[in-house]
Amino acid sequence: MIGEGIESTNQRHHNFVQEKVEVGFFTDPTVCIGCKACEVACKEWNHVPDDGFTWSGNSYDNTGHLGASTWRHVMFLEQDRQKGNQVVGSHSLASGDAEDPFRWIFLSDVCKHCEEAGCLEACPTGAIVRTEVGSVLVQNDVCNGCGYCVVSCPFGVIDRRPSPLPDAGGAFKCTFCYDRQKSGLVPACAKVCPTESIVFGRLDDLRARGAERVQHLKQSGYNDAQLYDPQETSVRGIHAFFLILGEPEAYGLPPKPQIPTIYLKSAWTSAFATAIASIIAALLAFAFFS
Amino acid sequence: MTINSPSEKRLEELREQAWKDGVVAGSGVDVAGGPIPRKPGYYGQAVVRPPVWTWEIPIYFFVGGLCGMSAVIALAAAIFHHLDLARTAMWVAAIGVVLSPLLLILDLGRPHLFINMLRVFKPQSAMSMGAWILIGFGACVVPGLIALELHALHTSTGAMDQFLRIAAGLFIFGSAYFGMLLATYTGVLIGATAIPAWFLHRVLLPIHFGIAGLGSASALLELLGHRIAPLNAIGFFAATVESVLLVWLTIAKHGAADRAIHEHSSGWLIRIGEILSGPLALILRFFGLVPFAAVSFLIGALVSRFGWIAVGKVSGADPESVFAAERY
């Protein structure tokens, strides 16, 4: 835990892969300073190619969104709401109270590594697999770039990498630094996070830590603090979960994400019924009009 | 940098625009209403990813539906002794079964790894099931066509001819079985995704794709010279169902969640496609203008396939459609 000596959880060696322990990320925007070190570390360690520089004008966020060449993405939210007990805004200094509430929130977004993953179920080649630590991994040498995972992810995380970038044509997303984890190392983003806004660890520990943090923040006046970990939907929880202030929609997070396989039953029923009806229609047409 | 350089001029333009309208359009600047962004979600960005598929996929939906249902017509024709029609229908199926994998491979990000589609058999993935259905279809259509042609050309007599007849029958039955699934699974493929306008219509889509396939197959066979009553009856049936689906789509609106079907250019493609293969084909057929009805249906079936992919792109890029769909 934080404050437990010089070595924090993010700096320790571990053998979660060997012990097959489920691990996760807990990302906390209330301590994020928006430095984007996680984005840089992720790109460098994983050799994620440069996908262009564009000025978005959306606060300090020029990364855009998660995609084939963006596996960590720091969001910059500007909201006209109170942040905890802070007194901010252009009028507040003069009048002494918060007449012009304003808050700036940073949150590092990442692949959620769903308990029930849409991309994994959709993949027709078996390129996407579940690892020993419960993360979802795309095997780059197997993926043939069919693009079905792209429309099957309820969070819009995975995408196909366009030409002319290196390794174009395949689907890419966060690997949870599986290569590092096998060697007992913490994922690159968590390792570099200077404020431990990104915490890596055992999933059960992190869930307890998240709940505790929400309690603490609520006591400190952050009334709209909540955990974003949709366990009651068909996704059945995410392994990279977030603490958020306010509604998930503002972070571009779906309020009730569903795994698309829940739609299969009704769609296949309709398909079989149509198939049988077509055969019968064709037979009847020949029987009665010949 | 001189005062007349293009960048300076652009700054002047922006200043003029800002002064007049209070708004500067274009990426990067959003001054209307102050510093707090008012776009839905996170700066109006997509919550789910729109499909990356290009023109090959809607054409594959069209070709796959047409050739799959052509095998169904071949089976019915064979049972009721329309040998010539069965032969043409199997030829259509065979040409389709060559084109379909080519289109699918062309769309892959890494076409040389297409064979990885056959690494696993995965019932929970409609894409995997589709690959296997197409394999099964091809494995029945090609030998079925060869047996049928050898039988029809009277290459052999006696026991051998009898064997060819039975083999052709069995393979045509297999072709029809896989064919009817090939025409309808594409509706499951896009219906069981995270794209709101698609999954909200997951029951309608297989019906639409399947019946559009059946109608296209009979329309093409009519244009190839088989102007017979059973195909006309199938044409009437398909156009009637498509008309009903047009009404269904108009009634079953889900507000912002599936507005891509009713607004934008994607909405127009859907509507034009459905009108051409629904009411217009029905009216033309009613007045006996069979070739015109057939052409109208074929164009409609093709346009609406492009329409549904376009709908996926618009709906996937619209954050409000995802938020609205999750409230249902």
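Chain A is the first sequence line, chain B the second, and so forth, proteins listed ahead of strands; every chain is numbered from 1.
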Proximal component of B:His81, with respect to chain A [non-hydrogen, under 4.5 Å]:
neither

Is it the backbone or the side chain of B:Gln45 that comes under 4.5 Å from a heavy atom of chain A, or both, or neither?
side chain

Where does A:Leu253 contact chain B at under 4.5 Å (heavy atoms): side chain, backbone, both or neither?
backbone

Under a 4.5 Å heavy-atom cutoff, which of B:Gln124, B:Arg110, B:Met180 has the most pairs with chain A?
B:Arg110

Decide side chain to side chain contact (heavy atoms under 4.5 Å, CB included) for B:Ile79 and A:Phe286; before the verdict, give the C-alpha distance in whole Å, the side-chain angles of both, and the deciding distance to 0.1 Å.
CA-CA 9 Å; B:Ile79 289 174; A:Phe286 280 90; over 6 Å; no

Give, as side chain, backbone, both or neither, the part of B:Ile195 having an atom under 4.5 angstrom from any heavy atom of chain A.
both

Let me know if A:Asp109 has heavy atoms under 4.5 Å from chain B in its side chain, its backbone, both or neither.
neither

Heavy-atom proximity to chain B below 4.5 Å, by part of A:Ile158:
backbone

B:Leu85 portion near chain A, given a 4.5 angstrom heavy-atom threshold
side chain

Side chain, backbone, both or neither: which part of B:Pro51 has an atom under 4.5 Å from a heavy atom of chain A?
both

Measure B:Ala126 against the heavy atoms of chain A and call it side chain, backbone, both or neither at under 4.5 Å.
both

Which answer fits B:Leu189, side chain, backbone, both or neither, if we ask what part of it has an atom under 4.5 Å from a heavy atom of chain A?
both

Chain B contact via A:Leu66 - which portion, at a heavy-atom distance below 4.5 Å
backbone

Counting heavy-atom pairs closer than 4.5 Å to chain B, which one of A:Ser163, A:Pro162, A:Pro257, A:Gly118 comes out on top?
A:Pro257

If I measure from the heavy atoms of chain A, does B:Ile228 come under 4.5 Å with its side chain, its backbone, both, or neither?
side chain

Could you measure the distance from the CG atom of A:Asn46 to the SG atom of A:Cys174? Nearest 0.5 Å is fine.
8.0 Å

Contacting moiety of A:Cys153, where chain B heavy atoms sit under 4.5 Å
backbone

Taking side chain as everything from C-beta outward and backbone as N, CA, C, O, which of these in B:Ala238 sits under 4.5 Å from a heavy atom of chain A? Side chain, backbone, both or neither.
neither

How about A:Asp141 and A:Gln139: does a side-chain donor come under 3.5 Å of a side-chain acceptor?
no

Go through A:Phe172 and A:Asp167 one step at a time and tell me if the side chain to side chain contact (heavy atoms under 4.5 Å, CB included) criterion holds.
CA-CA 10 Å; A:Phe172 288 91; A:Asp167 264 337; 3.7 Å; yes

Does the side chain of B:Phe237 come within less than 4.5 Å of B:Ser218's, by heavy atoms?
no

Under 4.5 Å heavy-atom distance to chain B, tell me which part of A:Thr261 shows up: side chain, backbone, both or neither.
side chain

Side chain, backbone, both or neither of A:Ala168 within contact of chain B (heavy atoms, under 4.5 Å)
backbone

Report which part of B:Trp132 has an atom under 4.5 Å of a heavy atom belonging to chain A: side chain, backbone, both, or neither.
neither

Here the gap from A:Ile238 atom CD1 to A:Phe155 atom CZ, rounded to the nearest 0.5 Å, amounts to 5.0 Å

If you tally heavy-atom pairs under 4.5 Å against chain A, which of B:Ser125, B:Pro123, B:Ala233, B:Gly130 wins?
B:Ser125

